[in-house]
Engineer: 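Pasting a structure here, questions to come.
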Amino acid sequence: MNTMLLMISAIILLCIILNIISGKIGVPVLLAFILLGMAFGSDGFFKIKFDDFEQAETICSFALIFIMFYGGFGTNINEAKPIALKAGLLSSIGVLLTSVFVTLFSYCVLKFSWINSMLIGAVISSTDAASVFSILRDRHLNLKDNTASILEVESGSNDPFAYMITMIVVKIIAGGITPVDIFIMLFLQLFLGIVCGVLIALIFRYFINKFIIHTPGFNMVLIIAVALLSYALPNVFGGNGYLSVYITGTILGNSDIRGKKELVPFFDGVTGIMQILIFFLLGLLSYPTQLLHVATTGFILALFITFIVRPLVIALILKPFKAEWNQVILVSWSGFRGASSIVFAIAALLSTNANYDVFNNVFFIVLFSISVQGSLLPFVSKKFDMIDENCDVMKTFSDYAGEEIPIEFIQLTVSKQQGWCDKSVSEINLPPDTLLVLIKREGEEIVPNGQTILECGDTVVLAAKSIDFEESYNIVEQVLTKKILSKGNTLAKLSNEFDGLVMLVIRGDEFIIPNGETLLFEKDILVINNGPV
C-alpha cells in the first residue's frame, strides 16, 4: 500500500514538473503525460505490467466525463453564437466524412480488413477537446475570425458523434442490425442525450440558486454528482451520455449560478488530474515495441488524415461560408486526435473481435497528432497570419468572463457625520476614481444617477479599480490573546503591538473595518498589512 502511494505521488509530481517544462520548450503537456506512462510501462524503464483493457476503458471513460463536462462548462456561448452553425457541421458532418474517408483508405490502400477499417475510421473521426483546450490556453493563441471558438466548440461537441458512429459500427460488426435499427439507435442517442442534458442542467440550475448549501465545499460535490448523473441517466435508456454531459456543462457554465467563481478553479484542478490520469494510463497501456510493428501504417494514416482528409473536410464545410483559406488551413492543422480516440478504440476492441492493431494504429496517430500538430500550432498560426493581437483567446471561455473586469466593490452606511444626508449624488465628494453604483434603502435597491437624493441610513455601494493587492503586499492574520488585550482594549491603545496596519477585524461571521476606537476582544482575528513584499 505504502509503495503504491509513493509511486502515485511521484507520478503526479513528475507530471506537474513536466507541465512546467513543456510550457517552456513548447511541447504539449499531454504528450509528456503519455510518454511518462510509456516510460513506466512494460517496455519502459520501470516495467509496470498493465494490460487490462477493460479496467482501462472504465477508468478513462470516467475521466472523459469530467473533461467533456468542463469542456462545455468553459465554452462561452456568446462568443460561440456567430460560429455555431460552422462548428455544428464540423462536429457532425465533418466527423461522418472523416470516418468514411479513413475507412475507405484503410481498406482499399492499406488492405486492412473491413472490421479494422471501419473501427479505425470511426474512433479516429473526432478531434480531442482536452488537447485543443490545453494548447489554446497554455500558449494563449489569440486567433482571428473567431477561429478559437470554432475549434473549441467543434472539439468539445464532436466526441459524442464519434462515439455514436463507433457504437453503430460495433453493432454492424456484431450482425443482425437493420437500417431501421440504426435509425432508432441514432434517434435515441441524440434525442435522449439532448433532452437529458437540458433537463438536468435546468433542474440543478434552479436547485443551486434556490437552496443555499451551508457546508463548505458541498457545491463542488453537487456539481460532480450532476456531471455523473447527466452521463449515466441517458446511457441507461440508450441515449448518448457524452452528448448529455457536454450540454449540461455548457448550460451551467453559461448560467449565473451561485458559487460559480469557486467552481472554476476546482474544476481546473479536477480536469487537470483527469487529464494526467487518462494520458498516463493510456501510455502505461501501450507497448512501444508493438507500436514499431504498426509504425509504417500508423505513419501513413497520420499523414493521410492530417494532410488530405482533414483539409478536404474542412474546405468542404467552411468554404461555402466564404472562409479565408488561411483559416481553413489553420482549422485543418488544429484537428488534434487525442484521448477520446484511444478510449473509443478500447471500447470497440472489447465489443468486437478486432485485433490489437486497431489500438496500436490509433495510438500511433494520436502520438503523431499531439507531438507534431500540437507543437507546431503556434508556428502555423503565425506563418498564415492568423494571430490577432487585439483579441484574447481566454474570452472565448465562459470561466474567464468574471475575471477580466478589474473592479472591486465596497459598501458603507450614510450618516450625518459624512455630510451626505439629503444631498444628491452629484453634490457629494467621492474619493477619486470611484463611482456610486447602488443604493440599498429599506429592502429596495436603487441604481442612482446624479440627481438621486441620499438619505441617512442608506447603504451605498461604491466601485473602484482593483489591484493584485495580496501578491504585492505582505498580508498576515493574527489572533488576539489575553496577553495582548491586557495592554488595552481598543485599536488605538494596541497599535504599537502590531507591525503594520490593521485593515480588518474578523469576529465570528462578522467583518469589521476598524478605527482607533474599535473595541477588540479575545479570539478576534486581525488582518494586518505589513507593507510591500
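These numbers come from the heavy atoms of this one structure, side chains and all, not from hydrogens, waters or symmetry mates. Residue numbers run from 1 in the order of the sequence given.
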Engineer: To the closest 0.5 Å, what do you measure between OG1 (Thr248) and CG (Leu199)?
Structural biologist: 9.0 Å

Engineer: Within the structure provided, determine whether Leu277 and Phe62 are in side-chain contact (heavy-atom separation under 4.5 Å).
Structural biologist: no

Engineer: Give a yes or no on whether the backbone of Ala348 and the side-chain of Ser351 come within a donor-acceptor separation of less than 3.5 Å.
Structural biologist: no

Engineer: What pairs of residues pass the salt bridge (Lys or Arg N to Asp or Glu O under 4.0 Å) test when at least one of them lies in residues 317-336, not counting sequence neighbours?
Structural biologist: none

Engineer: Would you indicate whether the side-chain heavy atoms of Val309 and Phe105 approach each other to under 4.5 Å?
Structural biologist: no

Engineer: For Phe266, check side chain to side chain contact (heavy atoms under 4.5 Å, CB included) against everything at least two apart and list the hits.
Structural biologist: Met220, Ile224, Val270

Engineer: Quick one: does Ser61's side chain have a donor or acceptor within less than 3.5 Å of a partner on Thr58's backbone?
Structural biologist: no

Engineer: Would you say that Leu330 contacts Phe384 through its side chain, given a criterion of any heavy-atom pair below 4.5 Å between the two side chains?
Structural biologist: no

Engineer: Is a side-chain donor or acceptor of Ser91 paired with a backbone partner of Gly88 at a separation under 3.5 angstrom?
Structural biologist: yes

Engineer: Does Tyr107 have any ring-ring contact (aromatic ring centres under 6.0 Å, His included) partners at least two apart in sequence or in another chain, and if so, which?
Structural biologist: Trp114

Engineer: For the residue pair Leu188 and Phe237, establish whether any side-chain heavy-atom pair is separated by less than 4.5 Å.
Structural biologist: no

Engineer: With rounding to the nearest 0.5 angstrom, report the CG to OG distance, Asp159 to Ser341.
Structural biologist: 7.0 Å

Engineer: Using a 3.5 Å distance criterion without hydrogens, assess whether the side chain of Thr271 forms a donor-acceptor pair with backbone atoms of Ile67.
Structural biologist: no

Engineer: Verify the distance criterion only: is there a donor paired with an acceptor across the side chains of Gln327 and Thr147 at less than 3.5 Å?
Structural biologist: yes

Engineer: Just how far is it from atom CD1 of Ile182 to atom CD1 of Ile172, taken to the nearest 0.5 Å?
Structural biologist: 4.5 Å

Engineer: Quick one, Leu90 with Asn158, criterion side chain to side chain contact (heavy atoms under 4.5 Å, CB included). Give me CA distance, side-chain angles, the key distance, then yes/no.
Structural biologist: CA-CA 8 Å; Leu90 288 173; Asn158 63 10; over 6 Å; no

Engineer: For the atom pair CG (Leu143) and CD1 (Ile150), what is the distance rounded to the nearest 0.5 Å?
Structural biologist: 10.0 Å

Engineer: Who pairs with Arg310 by salt bridge (charged side-chain N to carboxylate O under 4.0 Å, His left out), at least two apart in sequence or on another chain?
Structural biologist: Glu154

Engineer: Should Asp145 and Asn326 be marked as a side chain to side chain contact (heavy atoms under 4.5 Å, CB included) after you check the CA-CA gap, both sets of side-chain angles, and the distance that decides it?
Structural biologist: CA-CA 10 Å; Asp145 304 325; Asn326 283 8; over 6 Å; no

Engineer: Quick one: pull up CG in Leu301 and OG1 in Thr306 and give me the separation to the nearest 0.5 Å.
Structural biologist: 10.0 Å

Engineer: Apply the test side chain to side chain contact (heavy atoms under 4.5 Å, CB included) to residues Phe66 and Leu228: give CA-CA distance (whole Å), side-chain angles for both, the deciding distance (0.1 Å), then the verdict.
Structural biologist: CA-CA 8 Å; Phe66 295 98; Leu228 295 175; 3.8 Å; yes

Engineer: Taking atom CZ as the centre, does Phe379 end up with more than 12 heavy-atom neighbours from other residues, nucleotides or ligands that are less than 6.0 angstrom away?
Structural biologist: no

Engineer: Between Ser332 and Val328 (side chain of the first, backbone of the second, donor and acceptor by atom type, cut-off under 3.5 Å), is there such a pair?
Structural biologist: yes

Engineer: Side chains of Ile208 and Ile223: closer than 4.5 Å at any heavy-atom pair?
Structural biologist: yes

Engineer: Is the ring centre of Tyr231 less than 6.0 Å from the ring centre of Tyr242?
Structural biologist: yes

Engineer: Are the side chains of Phe33 and Leu281 in touch, meaning some heavy atoms are under 4.5 Å apart?
Structural biologist: no

Engineer: Do the side chain of Asn240 and the main chain of Gly193 share a donor and acceptor less than 3.5 angstrom apart?
Structural biologist: no

Engineer: Any idea which heavy atoms bring Ser125 and Thr98 closest together, and the distance?
Structural biologist: CA-CG2, 3.9 Å

Engineer: Using ring-ring contact (aromatic ring centres under 6.0 Å, His included) as the criterion, list what pairs up with Trp325, not counting sequence neighbours.
Structural biologist: none

Engineer: Rounded to the nearest 0.5 Å, how far apart are OG of Ser244 and CD1 of Ile200?
Structural biologist: 5.0 Å

Engineer: Does Ser369 reach the main-chain N or O of Arg337 with its side chain, forming a donor-acceptor pair under 3.5 Å?
Structural biologist: yes

Engineer: Could you check Leu291 against Met38 for side chain to side chain contact (heavy atoms under 4.5 Å, CB included), going step by step and ending with a plain yes or no?
Structural biologist: CA-CA 11 Å; Leu291 291 179; Met38 295 172 71; 3.9 Å; yes

Engineer: Between Thr166 and Ala162 (side chain of the first, backbone of the second, donor and acceptor by atom type, cut-off under 3.5 Å), is there such a pair?
Structural biologist: yes

Engineer: Determine yes or no for a side-chain-to-main-chain donor-acceptor pair under 3.5 angstrom, with Asn360 supplying the side chain and Val294 the backbone.
Structural biologist: no

Engineer: Is the backbone of Ala339 close enough, under 3.5 Å, to the side chain of Asp128 for a donor and an acceptor to pair up by distance?
Structural biologist: yes

Engineer: When you compare the side chain of Phe368 with that of Ile305, does any pair of heavy atoms fall below 4.5 Å?
Structural biologist: no

Engineer: If the condition is side chain to side chain contact (heavy atoms under 4.5 Å, CB included), which residues does Ser113 pass it with, not counting sequence neighbours?
Structural biologist: Ile115, Asn116

Engineer: Please indicate whether Phe304 has more than 12 foreign heavy atoms, meaning atoms of other residues, nucleotides or ligands, lying under 6.0 Å from its CZ.
Structural biologist: yes

Engineer: Restricting to non-hydrogen atoms, name the atom on Ile165 and the atom on Ala122 that form the minimum distance, rounded to 0.1 Å.
Structural biologist: CG2-CB, 3.7 Å

Engineer: Determine whether Phe359 and Gln290 make a side-chain contact, defined as any pair of heavy atoms from C-beta on separated by less than 4.5 Å.
Structural biologist: no

